[in-house]
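What follows is a set of notes on a single structure, which appears directly below.
A, B, ... follow the sequence lines: proteins, then strands. Residue 1 opens every chain. These numbers were taken from a predicted model, which means no experiment stands behind them. Worth knowing before you read on, the calculation uses all heavy atoms, side chains too, and leaves out hydrogens, waters and symmetry mates.
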2 protein chains.
Amino acid sequence: MSTAKKILIADDEPDILEIIQFNLQTEGYEVFTAKNGDEALEQAKKYQPDLIILDIMMPGKNGIDVCNILRMQPAFKETLIVFLSALSDEGTEIRGLETGADDYLTKPISPKILLSKVNALFRRLNKEGNNLLQLGDLKIDREKYIINYLDNDIILARKEFELLALLASKPGKVFLRNEILNQVWGTEVIVGDRTIDVHIRKIRQKLDLDCITTVKGVGYKFEL
Amino acid sequence: MSTAKKILIADDEPDILEIIQFNLQTEGYEVFTAKNGDEALEQAKKYQPDLIILDIMMPGKNGIDVCNILRMQPAFKETLIVFLSALSDEGTEIRGLETGADDYLTKPISPKILLSKVNALFRRLNKEGNNLLQLGDLKIDREKYIINYLDNDIILARKEFELLALLASKPGKVFLRNEILNQVWGTEVIVGDRTIDVHIRKIRQKLDLDCITTVKGVGYKFEL
DNA sequence: TCTAATATTATCAAATTGTTAACCACATGC
DNA sequence: GCATGTGGTTAACAATTTGATAATATTAGA
């Protein structure tokens, strides 16, 4: 598990700052605050947050200025930036987004919705790359279509791979033969009784690892 | 330059569909539309859009259902999904975002703002600022259309280049034949079964480097 | 023990991909 | 206008892999 995500909030209204801070902390985020644009820049440099929530109207440098300054620096090219403003006119919102922000939210906003939006942003950000199951020494990469056991790549044919991926998607769960047929073969195709067995056999053989258990009369399950 | 980004819009109000379609097309996006949930699923499967804009209240399957169904399929795990709804109650919005959507917009919305939001989403998604890929001894310059291997320039034809550039954009990832067709050939053109193979063959030949692996029944992947 | 369920093995047809050559469209230079 | 070259697609066939089945052996459990 990675360390908690860091969020910096900049707003000149202490009340709002506090409410948001409380809600985000409750959700497990590490939160920093700033009361104006210059403080926001300082804090950003100091803590390198993963997400910055910027009010637009602040004394001194406003939010858009801050965003511009940040986006010019390589260190903040990829940082998530969200505006949170009472200004809801079209021009400002468009300008805000074109500055390179990832979202533009308008006050008043429910803390829960803010939280959902923040979660959605992080969800998208983290989606980069990793589509793989890690099960002990066994790695199943759906994107690369590779099984890796103890650093050895194992080549499975399509059906074999899909079957193993299915079983391994819920370790311990017993998949009925019907479920397996539906998931791997689809509902249209009809195949004989022994087809599943044969594929299971091939997986067991290639993996050389006792990880698929037969539950007689029911189905199969994956377990290390 | 890669092909235009594809956007699918699903809404049961023809007027809205048309306005949004027009605005997005003007901006250079390739737009598909659907009048209800089921149609949205069909179109999504058919065109593999980069972004899907879903109305929530639609006859038959509603937007949230559609999102749920899409997110369960590997092919749509990474697709951008945005809700656009007249429902502005907190519960729905939160549920929408937790379903795995990237944003939740409320009607009425100014076309310009929608455009800005869409642009912002694509901006974040495309980490590609770098027009040249460096992969071991292989350099791919998307701007100049030049491949260089061990200091030798290799001339590839356009389709060959785009195909290689696509595969190399995510080393290791297996690109389905469908994905390849959509990305390199576009959705309008229909080409025969062997076309991809022939191009792959030409690349392999010109590159004289074993970097493209066949995953039978699935697709191709680039790997050094 | 006895039986139904599963494992194993070999085999073969079907599906998938590789390879080559031919064809057409289009651009280029003469 | 005419040869020439290039890029892109397809057709035809070869090579390969896959996955289903049949036949048989083995096992778990009532």
Roughly how many Å is it from [atom1] in [X] to [atom2] in [N], rounded to a whole number?
X	N	atom1	atom2	result
D193(A)	dA22(D)	CG	C1'	13 Å
R177(B)	dG18(C)	CZ	C1'	10 Å
L163(A)	dT18(D)	CG	P	15 Å
R204(A)	dT6(C)	CZ	C1'	9 Å
R158(B)	dA25(C)	CZ	P	17 Å
E160(A)	dT17(D)	CD	P	13 Å
I196(A)	dT18(D)	CD1	P	19 Å
K202(A)	dT9(C)	NZ	C1'	11 Å

Contact under 4.0 Å: [X] side-chain N or O vs [N] OP1/OP2:
X	N	answer
Y220(A)	dA7(C)	yes
T214(A)	dA5(C)	no
W185(B)	dT9(D)	yes
T195(A)	dT21(D)	yes
R194(A)	dA22(D)	no
R201(A)	dT8(C)	yes
H199(B)	dG7(D)	no

Item to complete: May I ask you to say what K159(B) touches in the nucleic acid, namely base, sugar-phosphate or nothing, with a heavy-atom cut-off under 4.0 Å?
Response: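 Touches sugar-phosphate only.
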Worksheet item: For DNA chain D, whose closest nucleotide is more 5', that of V191(B) or that of I155(B)?
Response: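 The 5'-side residue here is I155(B).
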Worksheet item: Is there a ring pair (Phe, Tyr, Trp, His ring centres under 6.0 Å) between F175(B) and Y220(B) once you walk through the steps?
Response: CA-CA 6 Å; F175(B) 288 81; Y220(B) 295 93; over 10 Å; no
Practice prompt. Could you tell me how the ring of Y145(B) sits relative to the ring of F161(B): parallel (under 30°), tilted (30 to 60°) or perpendicular (over 60°)?
Written response: parallel
Discussion item. Tell me if the side-chain of K216(B) makes a donor-acceptor pair with the base of dT18(D), cut-off 3.5 Å, by modelled atom types.
Written reply: no
Worksheet item: R123(B) side chain to A101(A) main-chain N or O, any donor-acceptor pair under 3.5 Å?
Response: yes
Item to complete: Please check if the side chain of K6(B) supplies one atom and the backbone of Y47(B) the other of a donor-acceptor pair under 3.5 Å.
Response: yes
Worksheet item: Around atom NZ of K61(B), are there more than 12 heavy atoms of other residues, nucleotides or ligands at under 6.0 Å?
Response: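 It does not: K61(B) NZ has 12 such atoms or fewer within range.
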Practice prompt. Please tell me which of V198(B) and V218(A) maps to the more 5' nucleotide of DNA chain C, matching each residue to the nucleotide holding its nearest heavy atom.
Written response: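 Nearest-nucleotide comparison on DNA chain C picks V218(A).
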